[in-house]
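What follows is one structure encoded as C-alpha cells, with my remarks underneath.
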Number of protein chains: 2
Amino acid sequence: MVQDPGSLRDVLIEAGIALLEEGGMQALTLRQTAARAGVSHAAPAHHFDGLPGLLTAMAARAFKLFADAIHSGREAGGTDPLQRLLGTTEGYLTFASQHAGLFHLMFISPQVNRADPVLGPHATRAYQILREACQPFGDGTPDEALELAVWSMVHGYALLGFTAEDPERHPFHRRPAFRELLVQLLAGRQIPVINRLAPAPDIR
Amino acid sequence: MVQDPGSLRDVLIEAGIALLEEGGMQALTLRQTAARAGVSHAAPAHHFDGLPGLLTAMAARAFKLFADAIHSGREAGGTDPLQRLLGTTEGYLTFASQHAGLFHLMFISPQVNRADPVLGPHATRAYQILREACQPFGDGTPDEALELAVWSMVHGYALLGFTAEDPERHPFHRRPAFRELLVQLLAGRQIPVINRLAPAPDIR
DNA sequence: ACAGTGCCTTGACACTGTCAAGCAATTCCG
DNA sequence: CGGAATTGCTTGACAGTGTCAAGGCACTGT
C-alpha cells in the first residue's frame, strides 16, 4: 500500500492533537496515536524517532496556529495602537483557553525540542507579532522591558487560568478582565491613546 | 518493625522531592520513590492512595516552602513598600528557579489536587503575602486588579524562564531585570515613591 | 489467649516507550 | 530486464510504570 510521502506523518500529528484535546497530556500516547491513525503501535516512533519527536512536531504545528491566532487578534484591533495590542493579547488568551493542551505542549512540556528547525520560526513569528504590537508604546526604539512585561503578564495570566480550576475558592476567578490589567501596565506610558481608554468593543 | 506513625509518609515525601529535583518530573515515580525510601514498590500507593496522592502531598509541602520563601523575601525588603513588594517577587522568582520541579508540581501538574485540605491553606497563605505586599499601592481598599497584574507578571516571568532554555536564541535571555518590569507596572500608581521614578499621567 | 487493626509486602495485570528484526512494495542501477 | 538497495511499516519482545487483590506480620485491646 502506497501513500503520498509524508501523508501518515500528518495523519499521526492530527491523531495526536485529537487525543490531546480530548483527554489531555495523559491520553496522548504513542500507541493510542497509532491506534487512532489505524497503524501498528510502532509506526509513530518510526516517523518521529520517539515520543519527543512526535510532541515536537505537534508543538510546531501548534506554534503555527498560535501565531495565526494572535495575528488575527491584532488585525481585529483595527488601527488604534492600544486596540491592536489588546487584540493581540486577546488572541493569546483565547488560544490558550481553547487549546489548553497545545498551549501546554508549546510552553511547558519538557519533551518538546524547542530548538527544532520547524518549530523555531513559528515561535519567533509569534513573538514578533507581540513585539510589533508593543512598538507604539515604546519611545520609538524597541523597548525590550515593555515587551517582556506584556509578554510575562499575558503568559502568567493564561497559566494562572489553568491552575485555578475551582472558580469558587480561587482568587483568580474573581478576576478583573485582562484588559484592565494591561491598561494598568501601560498607564505609566506617555502616549495620548491611553487617556482615551475607550470601553472596549469585544474582540474575539 | 514499628516506626513512629506517619514516619514513612514523610520519608516518602522527601524521597519524592529528591527524585524530582534530581531528574525532573520524568524521574518521579512511585516505584523509584519506594526504592529510594527502601520499601516495597507498592508502599507509596498504600500511604497516598496512588500517584496523585503522593504528588499532592509533595505539592502541599512545596507550597509551605514557597510561602516561607516569599515571606522572608518580603521581610528582607525592610519597611519601604516598594522594596517590600520587590522583595516578595524576588522570593517568588528565586524559589521558582531554585525549585523548578516543585514549582512545576504546584502550578502545572494536573495530577495535583489543589483543593486538598493540607495544600489549600499554604497556597492561600502565599497569596495573602503577595496581596499584602500590593496593598500600599492600592487606593486603600484591596485592589484585585493590581494584585492580579503583579501576580500574573511575576508568574509569567518565572515560567518563561523555564521555557526559554537556550540563552542564545531566545529573547527572554536578553532580559531586563524583573525589578524594572515591576516598576513599569507600578509607574501609573499615585504613590510618592513611584512618582519619583516616573511621573504618571492622570488616567481614569 | 485471641481476635482486630495498621502497615507493609508479594504477585499479578494492563499499559507504556523503545528497540531489533522482518517483510513487502517501490525505486535504483548495471 | 533483473537483482539490489531503500522506504514504510509490522511484529514481537523487553523493561519499566501505576494499580489492585491477597496475604503476612507485629502490635493493641479485651
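Each chain gets a letter, A, B and so on, in the order its sequence line appears, and its residues count up from 1. Keep in mind that what you see is a predicted model, and the values were worked out from it rather than measured. Hydrogens, waters and symmetry mates play no part in the numbers below; they use all other heavy atoms, side chains included.
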- Sequence-distant partners of Arg36(B), salt bridge (charged side-chain N to carboxylate O under 4.0 Å, His left out), two or more places apart: Glu22(B)
- Item | Presence of salt bridge, Lys64(A) and Asp68(A), under 4.0 angstrom | yes
- Can you list every salt bridge (charged side-chain N to carboxylate O under 4.0 Å, His left out) pair that touches residues 87-106 of chain B, not counting sequence neighbours? Glu90(B)-Arg179(B)
- Note on the structure: With sugar-phosphate taken as primed atoms, P, OP1 and OP2 and all else as base, the protein-contact string of nucleotides 13-22 of chain D at under 4.0 Å (heavy atoms; B, S, -) is B---BBBB--
- Message: For Ala34(B), give me all partners under side-chain contact (heavy atoms from CB on, under 4.5 Å), at least two apart in sequence or on another chain.
- Response: Val39(B), Pro44(B)
- Query: Excluding sequence neighbours, so at least two apart, what forms side-chain hydrogen bond (donor to acceptor under 3.5 Å, both in side chains) with Glu180(B)?
  - Reply: none
- Mind listing the residues from residues 15-23 of chain B sitting with a heavy atom below 4.0 Å of DNA chain D? Number order is fine. none
Grab the N/O contacts between the protein and nucleotides 5-7 of chain D below 3.5 Å, and write none if there aren't any.
none

- Item | Residues that Glu147(A) engages under side-chain hydrogen bond (donor to acceptor under 3.5 Å, both in side chains), provided they are two or more places apart | Tyr127(A), Arg131(A)
- Item | Set of residues satisfying side-chain contact (heavy atoms from CB on, under 4.5 Å) with respect to Gln111(B), sequence neighbours excluded | Gln26(A), Leu51(B), Pro52(B), Leu55(B), Ser109(B)
- Item | With sequence neighbours excluded, residues passing side-chain hydrogen bond (donor to acceptor under 3.5 Å, both in side chains) with Glu132(B) | Arg74(B)
- Item | Atom-pair distance (CD on Gln26(A); P on dC15(C)), nearest Å | 15 Å
- Item | Euclidean distance, atom NE2 of residue His47(A) to atom C1' of dT10(D) [Å, nearest integer] | 12 Å
- Under the side chain to side chain donor-acceptor pair (under 3.5 Å) rule, what pairs show up with a residue in residues 48-62 of chain A, not counting sequence neighbours? Glu14(A)-Arg61(A)
- Check side-chain contact (heavy atoms from CB on, under 4.5 Å) between Ala42(B) and all other residues, then give those that pass, not counting sequence neighbours. none
